[in-house]
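Inspection log for the structure reproduced underneath, given as structure tokens.
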Amino acid sequence: MGMHDAALLAELIPHAERLFDRHVGAAREWFPHEMVPWGRGRDFVAGEAWDPDEYPMADAVRSALYVNLLTEDNLPYYFHTIDNHFGKDSVFRAWDRRWTAEENRHAIVMRDYLTVTRALDPVALERARMAQMCQAVVPEPDTVVDTLVYVALQELATRISHRNTGKLLDDRVGFDIMARVAADENLHYLFYRDLVTAALEIDPSGAVAAIERQVRDFEMPGVGIIGFSQHAAAIAKAGIYDFPIHHEQILVGVVLRHWKLETVEGLDPAAEAARERTVTHIARVGRVAARYAARRQEAGVPLPVA
Ligand SMILES: [Fe+2]
Ligand SMILES: [Fe+2]
């Protein structure tokens with residue numbers, strides 16, 4: 001049994017204050033309107049059918065743009081989840097609001113870019129946004145530390161996905177927009193990642209148990225989006241976000257190397273068992289990822305490598 005949420009939160013507050021200041025110092029102000037290529041746009045006539053040939057691109061890249069944007073749109077519900085867990089009278093509230101405002105900027109720049117360039121069907125996109133936001137499906141981890149682990153992994157996964165999507169756009173402007181958004185996601189990731197590091201010191205058994213649950217159940221944001229599983233399959237096939245990336249960058253890069261799961265000290269017997277199961281699980285994902293990568297290499301699929 002880990003610490004109760006209120007006790008953990010109280011101990012996390014000084015860390016959150018330091019990390020919030022670090023975030024505000026590192027974040028650079030930027031303006032969506034300065035990045036969007038307005039000159040490439042023209043009016044939509046009422047009832048005009050969208051023509052994919054106006055901006056040809058691989059279906060998988062369209063899938064990634066669609067899922068990534070709808071996920072940004074869904075941020076009010078992520079806010080709701082973290083705001084409920086983190087309490088209403090500390091630096092966490094300032095963070096929650098700032099985070100939400102920054103994510104909203106991502107939705108603004110991406111939607112403006114996609115509308116001006118006609119990269120996605122604007123009618124289908126708007127209907128999907130309405131459907132997504134009316135359902136309000138988001139992960140709802142049970143505890144504070146589960147929430148922190150989930151958002152840390154999710155922000156890094158989102159950074160990778162935005163960045164790789166931009167690399168597959170045959171357009172410098174689109175590349176720059178996705179890179180700019182990915183840079184923000186990186187700062188979000190660092191905030192949450194380092195709070196988990198603090199939680200591992202404050203309550204190692206509780207944090208390790210949460211890592212096990214969140215690693216085991218991890219899903220990319222976007223569950224609940226119309227057609228999500230087909231889009232996710234296309235995104236994986238194109239190498240934008242797939243098993244090898246998930247294994248190498250998330251599970252090995254963060255859980256094993258950064259959080260040093262294998263050497264966390266002071267675990268109770270239940271947490272020791274959770275750690276062992278998680279290490280075994282990560283190794284298993286690694287084997288699946290290696291087979292996946294080998295099959296793709298045989299098929300000769302080009303990947304979004306810089
Ligand atoms: Fe975002
Ligand atoms: Fe983010």
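Small disclaimer: the values here were computed from a predicted structure and weren't measured.
- When all heavy atoms of Gln154 and Phe218 are compared, the closest pair comes out as N-CE1, 3.8 Å.
- Shortest non-hydrogen contact noted between Val67 and His231 is CG2-CB, 3.7 Å.
- Taking the side chain as every heavy atom from C-beta outward, His80 and Asn84 approach each other to under 4.5 Å.
- For the pair Glu11/Met3, a side-chain contact is recorded, criterion being any heavy-atom separation below 4.5 Å from C-beta on.
- Among residues two or more places apart in sequence or in another chain, the salt bridge (charged side-chain N to carboxylate O under 4.0 Å, His left out) test is passed with Arg213 by Asp146.
- At least one side-chain heavy atom of Val109 sits less than 4.5 Å from a side-chain heavy atom of Trp30.
- Atom CG of Asp217 has more than 12 neighbouring heavy atoms from other residues, nucleotides or ligands inside a 6.0 Å radius.
- No single ILVMFWY cluster, assembled from side-chain heavy atoms under 4.5 Å apart, contains both Leu69 and Phe175.
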Working for side chain to side chain contact (heavy atoms under 4.5 Å, CB included), residues Tyr78 and Thr71: CA-CA 10 Å; Tyr78 288 87; Thr71 301; 4.1 Å; yes
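- Summarising the geometry of Gly206 relative to Val145, their closest heavy-atom pair is O-CG1, 3.8 Å, with the distance given to 0.1 Å.
- For Asp170, the CG atom sits in a loose shell: 12 or fewer heavy atoms of surrounding residues, nucleotides or ligands are nearer than 6.0 Å.
- Side-chain contact check for Gln132 versus Asp73: every heavy-atom pair is 4.5 Å or farther apart.
- Under the 4.5 Å side-chain heavy-atom criterion for grouping Ile, Leu, Val, Met, Phe, Trp and Tyr, Val252 is connected to Ile160 within one hydrophobic cluster.
- By the 4.0 Å N-to-carboxylate-O rule, Asp194 lies close enough to Arg22 to be salt-bridged with it.
- The shortest heavy-atom contact between Thr165 and Ser161 is OG1-O, 2.6 Å.
- Heavy atoms of other residues, nucleotides or ligands lying less than 6.0 angstrom from CZ of Arg127 number 12 at most.
- Between Arg118 and Asp51 there is no salt bridge, since none of the side-chain N atoms of the basic residue sits less than 4.0 Å from a carboxylate O of the acidic one.
- With respect to Arg129 and Glu126, a salt bridge is recorded, a charged nitrogen being found less than 4.0 Å from a carboxylate O.
- Between Arg28 and Asp184 no salt bridge is recorded (no basic side-chain N to carboxylate O distance below 4.0 Å).
- Taking 4.0 Å as the cut-off between side-chain N and carboxylate O, Asp171 and Arg40 count as a salt-bridged pair.
- Ring centers of Tyr150 and Tyr192: at least 6.0 Å apart, outside the cut-off.
- Val223 and Tyr66 end up in the same hydrophobic cluster when Ile, Leu, Val, Met, Phe, Trp and Tyr side chains are linked at under 4.5 Å.
- Across Gly239 and Ile245, no two heavy atoms sit closer than the pair O-CD1, 3.4 Å.
- The aromatic ring centroids of Tyr113 and Trp38 lie 6.0 Å or more from each other.
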Criterion side chain to side chain contact (heavy atoms under 4.5 Å, CB included) on Trp99 and Leu75, from CA distance to verdict: CA-CA 9 Å; Trp99 181 58; Leu75 252 294; 4.0 Å; yes
Worked check of salt bridge (Lys or Arg N to Asp or Glu O under 4.0 Å) between Asp176 and Arg180: CA-CA 6 Å; Asp176 287 345; Arg180 182 60 254 171; over 6 Å; no
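- By the 4.0 Å N-to-carboxylate-O rule, Arg257 lies close enough to Glu248 to be salt-bridged with it.
- Between Leu8 and Thr143, the closest side-chain pair of non-hydrogen atoms is not below 4.5 Å.
- At most 12 non-hydrogen atoms from other residues, nucleotides or ligands lie less than 6.0 angstrom from CD of Gln297.
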Verdict with reasoning, Arg159 to Gln249, per side chain to side chain contact (heavy atoms under 4.5 Å, CB included): CA-CA 11 Å; Arg159 178 195 96 190; Gln249 301 199 46; 4.3 Å; yes
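- Residues Trp259 and Arg193 come closest through the heavy atom pair NE1-O, 3.1 Å.
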Evaluation steps, side chain to side chain contact (heavy atoms under 4.5 Å, CB included), between Leu148 and Ile82: CA-CA 9 Å; Leu148 292 173; Ile82 67 171; over 6 Å; no
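- Note on Phe79 and Leu70: separate hydrophobic clusters, where clusters join Ile, Leu, Val, Met, Phe, Trp and Tyr whose side-chain heavy atoms are under 4.5 Å apart, directly or indirectly.
- In the hydrophobic clustering of this structure, Ile226 does not group with Met130; members are Ile, Leu, Val, Met, Phe, Trp, Tyr whose side-chain heavy atoms approach within less than 4.5 Å, directly or through other members.
- A centroid separation of 6.0 Å or more is found between the aromatic rings of Phe92 and His85.
- Between Glu265 and Lys260 there is no salt bridge, since no side-chain nitrogen of the basic residue lies less than 4.0 Å from a carboxylate oxygen of the acidic one.
- In this structure, a donor-acceptor pair under 3.5 Å is absent between the side chains of Glu212 and His281.
- You'll find the side chain of Leu251 stays beyond 4.5 Å of the side chain of Thr278, heavy atoms only.
- Taking a cutoff of 4.0 Å between a charged side-chain nitrogen and a carboxylate oxygen, Glu102 and Arg98 qualify as a salt bridge.
- Glu103 is listed as a side-chain neighbour of Glu155, based on a closest heavy-atom distance under 4.5 Å.
- Side-chain contact between Asn68 and Met178 is present, with at least one heavy-atom pair separated by less than 4.5 Å.
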